[in-house]
Amino acid sequence: MHDSRHTRVLSGMRPTGRLHLGHYHGVLKNWVRLQQEHDCFFFVADWHALTTAYDEREIIGQSIWDLVIDWLACGVNPSLANIFIQSRVIEHAELHLLLSMIAPLGWLERVPTYKDQQQNLRNKDLLTYGFLGYPVLQSADILIYQASAVPVGEDQVSHVEITRELARRFNYLFGREPDFEEKAAAAARRMGKKISRLYAELRRKYQEQGDHEALGEARALIEAQQNITVDERERLLGYLEGTGRTILPEPQALLTGASRMPGLDGRKMSKSYGNMISLRDEPRVVEQKIRTMPTDPARVRRTDPGEPTKCPVWDFHRLYSGQETQDWVLSGCRSAGIGCLNCKQPIIEAVKAELEPIRERARAFEDDPQAVRRIVADGCEKAHSVARETMREVRAAVGLDYR
Ligand code: TRP
Ligand code: SF4
């Protein structure tokens, strides 16, 4: 199997309503691409939805299935990616609890989304324990699968950063068994006399003098060993860097390319602005929404020339139209040679054509809720078996494996 299959990619979405074109272009096309090359875990973050929507349970219940259907309709393929629901893998909650023991309050209060969301959702009491812990729960989601890459938008980067910090802190606090030093020494001996002496020398240079070249050399030396186990390798790396064993590896944020989807009014497409085209909008609704889109405000009459760069319709042309059509818009608009409805027609066609197969697939899944349930049950089971393994190690590291 190709090597990158072993990079595990994980991402989640909160179930807070139907998805729109912005999700398709900004997130889902990327997921569909990633599932071809990586071991992907995509999940519905229903507990995260509860941190802010704790008084709107009905919305979450319905949105879960809508969300999964939208993913499937956009091409997320259950034979390539695991699709599951957070609350059905109960281990997320256990890891969240254990991480909360070592999560400094200062770190959580400094996460930008903490204050921002409180500002944005003023009508809601977000001074809750659960909401403060939002990034801790997200860290648990990521670390429990030992994911190496987390595709997210700009707004989530701080959460991945805190995940990395919590992993580091966890490994530092719990990654060293009581007899860690002896075990590291035993692992070193298994590399043979000469190499283990070199290892000790490089380690000393790094730890005593901060020599980063020595660190790099020692790392390469360990990686090159054929006859040591994975555990021994981790121990040697941990002992080298002074961090202990890596129980929870640090993930990387995978920034989703900034193809910002414009909304119908020129602002970013977003449910809260009411400027969106839903993935399951009927063709006549799509048509209606685009026909009534605002245009360059200076173009009051058909005979007034306009300026495409001041028009939200132009943003759509840049996304959907080829060079020829774009040239037609630029000159036709500036010379008042075309009307706004003519100008919008190619967009109407392009969006309808894009959504047609998505709507069709969504309809098939809407008509077969059992199939959707089965896909999710499968995904939950696979997710569960990975999470269970990680928790076994985590409990042992924390010292909770007494029976
Ligand atoms: N907080 C993310 C959002 O609002 C959703 C989420 C929850 C998530 N857990 C995650 C994303 C883990 C990536 C990885 O979009
Ligand atoms: Fe906008 Fe097109 Fe009308 Fe020009 S012609 S104002 S680009 S809709």
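Counting convention: from 1, in listed order, for ligands and their atoms alike.
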With backbone taken as N, CA, C and O and side chain as the heavy atoms from C-beta onward, which portion of Asp155 lies under 4.0 Å from ligand 1: side chain, backbone, both, or neither?
neither

Does ligand 1 have a heavy atom under 4.0 Å from the side chain of Gln156, from its backbone, from both, or from neither?
side chain

Output the list of atoms in ligand 2 that are nearer than 4.0 Å to some heavy atom of [X], sorted by atom number.
X	result
Val313	8 (S)
Thr295	6 (S), 8 (S)
Asp296	6 (S)

Tell me whether Ser11 has any N or O atom under 3.5 angstrom from an N or O of ligand 1.
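Looking only at distances, the answer is no, because the N/O contact criterion of under 3.5 Å is not met.
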
For Lys271 and Thr16, indicate whether the former's side chain and the latter's backbone hold a donor-acceptor pair under 3.5 Å.
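Checked: pair present.
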
Main chain of Pro262, side chain of Asp315: is a donor-acceptor contact present, judged purely on distance under 3.5 Å?
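Looks like no, no N/O pair under 3.5 Å.
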
Describe, in one word, how the ring planes of [X] and [Y] are oriented to each other, choosing from parallel (under 30°), tilted (30 to 60°) and perpendicular (over 60°).
X	Y	answer
Phe42	Trp31	parallel
Tyr239	Phe180	perpendicular
His317	Trp314	tilted

Between Gln207 and Arg204, is there a side-chain donor-acceptor contact under 3.5 Å, judged purely by atom types and distance?
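No, no side-chain donor-acceptor pair sits under 3.5 Å.
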
Does the shortest distance from atom 2 (Fe) of ligand 2 to an N/O/S atom of Cys343 fall below 2.8 Å?
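A backbone or side-chain N, O or S atom of Cys343 is under 2.8 Å from atom 2 (Fe) of ligand 2.
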
Using a strict 4.0 Å cut-off to heavy atoms of [X], name the atoms of ligand 1 that fall inside it.
X	answer
Tyr134	1 (N), 2 (C), 3 (C), 4 (O)
Phe43	9 (N), 10 (C), 12 (C)
Ile142	12 (C), 14 (C)
Leu10	12 (C), 14 (C)
Val150	13 (C), 14 (C)
Ala45	7 (C)

Return yes when atom [atom1] of [X] has more than 12 non-hydrogen atoms of other residues, nucleotides or ligands closer than 6.0 Å, and no otherwise.
X	atom1	result
Glu307	CD	yes
Glu109	CD	yes
Glu56	CD	yes

Going by an N to O cut-off under 4.0 Å, is there a salt bridge joining Asp231 and Lys183?
no

Among all protein heavy atoms, pick the one closest to [atom] and tell me residue, atom and distance.
atom	answer
atom 7 (C) of ligand 1	His48 ND1, 3.3 Å
atom 1 (Fe) of ligand 2	Cys311 SG, 2.3 Å
atom 10 (C) of ligand 1	Gln138 CG, 3.5 Å
atom 9 (N) of ligand 1	Asp141 OD2, 2.7 Å

Min heavy-atom dist Lys344 to ligand 2 below 4.0 Å:
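Under 4.0 Å: no for Lys344.
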
Under the criterion side-chain hydrogen bond (donor to acceptor under 3.5 Å, both in side chains), I'd like the reasoning laid out for Gln86 against Asp141: C-alpha separation, chi angles, the key distance, then a yes or no.
CA-CA 8 Å; Gln86 184 185 38; Asp141 298 337; 3.0 Å; yes

Run down the list Cys340, Gly339, Cys333 and name the one with the heavy atom closest to atom 4 (Fe) of ligand 2.
Cys333

I want to check a possible cation-pi pair here: Arg8 against Tyr145, using under 6.0 Å from ring centre and within 45° of the ring axis as the test.
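Here Arg8 fails the 6.0 Å and 45° test against Tyr145.
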
